[in-house]
Amino acid sequence: MNYDRILIRYGELTTKGRNRNKFVEKLKMNIKRELRDFPNAKIEASRDRMYVLLNGENSEEIISRLKGVFGIQSFSPAVKVEKDIEVMKEAVLDLFKSLYKPGKTFKVTGKRADKTFPLNTDEINNTFGAHLLKNIDGLKVDVKNPDINMQIEVRKEAAYLTCENFRGAGGLPIGSSGKAMLMLSGGIDSPVAGYLSMKRGLEVEAVHFHSPPFTSERSKQKVIDLAEKLSEVSGFMTLYVVPFTEIQQLIQKKVPDNYTMTVTRRLMLRITDELRKKYNGLAIITGESLGQVASQTLESMYTINEVTNTPVLRPLIAMDKTEIIGISREIGTHDISIRPYEDCCTVFVPSSPKTNPRRDKVNHFESYIDFEPLIEKAVNQTEVIHIKPQAKKAEESFDELF
Ligand code: ATP
Ligand code: MG
């Protein structure tokens with residue numbers, strides 16, 4: 001017996017009330033993109049669940065792809081059968097035999113959503129359990145901890161048989177929560193912050209500050225590679241590379257050494273905010289974690305954050321470095337992040353950055369410099385790079401989605 005579909009359960013989505021249609025649409029689009037290498041697979045979506053109709057495509061490969069899609073609570077390969085008890089008996093036995101090995105235990109879990117079906121839940125369990133016991137020698141029931149849980153769900157249109165449940169990635173479908181700009185350095189933290197934001201349904205675009213010739217082509221390539229890794233999760237990624245040399249040099253020249261880091265961060269935030277406006281985002285994401293370095297004390301954040309009232313999301317704020325490293329390993333960004341190339345902040349890092357910079361002082365220092373035209377120029381000269389995942393093929397069908 002071959003599975004003919006994968007049943008997808010939304011979990012958290014079902015609590016989203018009126019927004020549900022949008023969530024379902026996004027999830028459907030994201031699954032479609034994830035499965036673009038399987039042209040025969042079709043998606044059937046309804047308010048409370050989704051089916052991927054396999055139409056002969058390989059269920060195991062599709063299962064492994066679905067594991068990474070945000071917004072899926074759990075999923076199961078399934079068989080649709082006519083609601084005729086004899087037909088169902090045969091299908092149950094077929095499916096069971098394809099999974100059964102001598103010594104394995106089982107139970108039947110019936111569910112009757114269609115109350116017109118002649119058997120109630122207990123009767124479903126008994127009828128089909130007895131049918132399996134009669135047809136398979138030595139088979140034993142174990143209701144507490146069965147090796148095979150034969151789930152039979154009777155719905156209005158048909159009955160569905162499933163035996164295996166896979167845990168989904170959870171979260172919300174990418175794009176269902178709006179768009180935000182991720183400040184992406186070459187470090188370990190910001191790619192993790194981007195990943196976690198996508199998991200909560202954000203569409204993420206990345207902004208990177210680059211200061212040639214102080215930062216090399218290789219350090220830029222590192223960030224492109226990180227963005228490419230993140231694009232494997234979302235299907236695509238836009239990276240904005242901001243030329244930052246002129247502003248950094250001016251800061252070095254005009255601002256007292258112990259305040260250069262604070263002013264630099266404020267300028268990065270202002271430019272990111274301009275890009276956010278230009279490209280219609282609603283928030284900024286950083287990889288900051290409280291107290292990790294001088295720029296990430298609460299005093300620093302208070303002073304740096306003064307330049308914008310756009311929400312600044314910091315998904316890592318309460319995480320320890322070891323936890324962040326753990327996630328970076330899981331998502332495959334770690335080994336790229338630890339490549340040794342310098343980034344613009346490390347090149348210009350002062351010997352003793354202030355850990356408690358004050359708003360009045362920083363405003364005073366900045367008042368001597370006219371940053372406006374430089375910010376405008378940096379935004380205008382920003383390089384826009386559209387990145388797609390390399391690991392997966394069939395770019396053509398992917399393009400059709402846009
Ligand atoms: P990361 O590992 O993400 O680099 P970090 O612990 O090294 O973080 P900082 O270097 O202080 O911390 O950077 C804090 C945050 O500022 C980063 O997580 C990132 O969001 C942003 N950031 C730093 N440098 C850049 C840059 N060159 N371009 C874009 N964003 C940056
Ligand atoms: Mg860094």
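In each ligand, atom 1 is the first atom listed, and ligand 1 is the first ligand listed.
Taking a cut-off of under 4.0 Å to the non-hydrogen atoms of Gly187, the atoms of ligand 1 that pass are 1 (P), 2 (O), 4 (O). Atoms of ligand 1 lying under 4.0 Å from any heavy atom of Thr286, numbered from 1 in the order shown and given with element: 20 (O). In the vicinity of Ile188, heavy-atom distances shorter than 4.0 Å reach the ligand 1 atoms 2 (O). Each of the following atoms of ligand 1 lies closer than 4.0 Å to a heavy atom of Val207: 29 (C).
Considering backbone and side-chain atoms alike, Ile285 places every N or O at 3.5 Å or more from each N or O of ligand 1. The N/O atoms of Met268, backbone and side chain alike, include none that comes under 3.5 Å of an N/O atom in ligand 1. Ligand 1 has an N or O atom lying under 3.5 Å from an N or O atom of Phe209, backbone or side chain.
The distance from the CD1 atom of Ile284 to the OG atom of Ser197 is 12.5 Å, given to the nearest 0.5 Å. Here the straight-line distance linking atom NZ of Lys107 with atom CG of Asn145 works out to 9.0 Å at 0.5 Å rounding. Annotation: the span from Asn40 atom CG to Leu53 atom CG amounts to 11.5 Å, rounded to 0.5 Å.
Taking only non-hydrogen atoms, the option from Met183, Lys321, Arg265 nearest to atom 14 (C) of ligand 1 is Arg265. Among Ser289, Gly186, Gly287, the residue whose heavy atom lies closest to atom 18 (O) of ligand 1 is Gly287.
Across Lys104 and Leu139, no two heavy atoms sit closer than the pair O-CD1, 3.6 Å. Across Ala206 and Leu184, no two heavy atoms sit closer than the pair CB-CD2, 3.8 Å.
For His210, no heavy-atom contact with ligand 1 is shorter than 4.0 Å. The part of Leu184 lying near ligand 1 is the backbone, judged by heavy-atom distances below 4.0 Å.
Both cation-pi conditions hold for Arg359 and Tyr302: the charged atom is under 6.0 angstrom from the six-membered ring centre and inside a 45 degree cone around its axis. A cation-pi arrangement, defined by a distance under 6.0 Å to the six-membered ring centre and an angle within 45 degrees of its axis, is present between Arg5 and Tyr51.
Counting only distance, with no hydrogens or angles, the side chain of Ser177 and the backbone of Arg200 share a donor-acceptor pair below 3.5 Å.
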